[in-house]
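Below: the structure, in structure tokens.
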Amino acid sequence: MAAQTIGELTIDEFRALIRETVAEVVAEMLDDPDEGLEFREEFVAEMERRLAGERKTIPAADVYRRLGLG
């Protein structure tokens, strides 16, 4: 089959080409590169701790003081 140029396509062929291209781009954008990976145990433990309400926070005043802002 000989290669065609865009100008040689019918309107329906051109529309089909556009649909196919858009579908490919959307599929690439939705592809999850992390699919199948698992979280490290430390990360899971930290998230569970945070959800339980135990937080390692620093008061804003201390942050400002450390940064020399207050």
Side-chain angles (χ1 to χ4, degrees):
M1 182 176 197
Q4 287 183 297
T5 65
I6 296 291
E8 295 172 330
L9 297 177
T10 66
I11 291 175
D12 288 338
E13 290 172 329
F14 183 68
R15 285 181 177 156
L17 176 64
I18 296 298
R19 279 191 201 98
E20 182 180 331
T21 303
V22 169
E24 288 174 4
V25 170
V26 169
E28 288 172 9
M29 292 173 66
L30 296 177
D31 188 31
D32 183 1
D34 296 331
E35 185 175 350
L37 298 179
E38 295 184 18
F39 293 119
R40 291 190 323 262
E41 288 181 28
E42 300 84 19
F43 178 80
V44 172
E46 176 68 14
M47 292 299 104
E48 289 172 346
R49 186 182 63 76
R50 288 180 182 218
L51 288 172
E54 302 171 31
R55 296 193 173 147
K56 294 181 182 177
T57 60
I58 301 170
D62 291 350
V63 173
Y64 294 145
R65 192 170 33 261
R66 289 180 189 179
L67 295 174
L69 300 173

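Owing to the predicted nature of the structure, the values given are computational and were not obtained by experimental measurement.
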Original post:
Would you say Glu8's side chain and Thr5's backbone share a donor-acceptor pair under 3.5 angstrom?
Top reply: yes
Original post:
Any link between Leu17 and Val22 through a network of hydrophobic side chains (Ile, Leu, Val, Met, Phe, Trp, Tyr) touching at under 4.5 Å?
Top reply: yes
Original post:
Any link between Leu30 and Val25 through a network of hydrophobic side chains (Ile, Leu, Val, Met, Phe, Trp, Tyr) touching at under 4.5 Å?
Top reply: no
Original post:
Just how far is it from atom CZ of Arg50 to atom CD of Glu46, taken to the nearest 0.5 Å?
Top reply: 4.5 Å
Original post:
Please, which pairs that meet salt bridge (Lys or Arg N to Asp or Glu O under 4.0 Å) have at least one residue in residues 61-70, sequence neighbours excluded?
Top reply: Asp62-Arg65
Original post:
From Arg49 CZ over to Leu51 CG, what is the distance, rounded to the nearest 0.5 angstrom?
Top reply: 10.5 Å
Subject >> ILVMFWY cluster, Phe39 and Leu37 together (side-chain gap under 4.5 Å) >> reply: no
Original post:
Any link between Leu67 and Ile58 through a network of hydrophobic side chains (Ile, Leu, Val, Met, Phe, Trp, Tyr) touching at under 4.5 Å?
Top reply: yes
**OP:** Please indicate whether Glu38 has more than 12 foreign heavy atoms, meaning atoms of other residues, nucleotides or ligands, lying under 6.0 Å from its CD.
**Re:** no
**OP:** Measure the CD-CZ distance between Glu48 and Phe43 for me, rounded to the nearest 0.5 Å.
**Re:** 10.5 Å
Original post:
Which residues satisfy the side chain to side chain donor-acceptor pair (under 3.5 Å) test with Arg15, sequence neighbours excluded?
Top reply: none
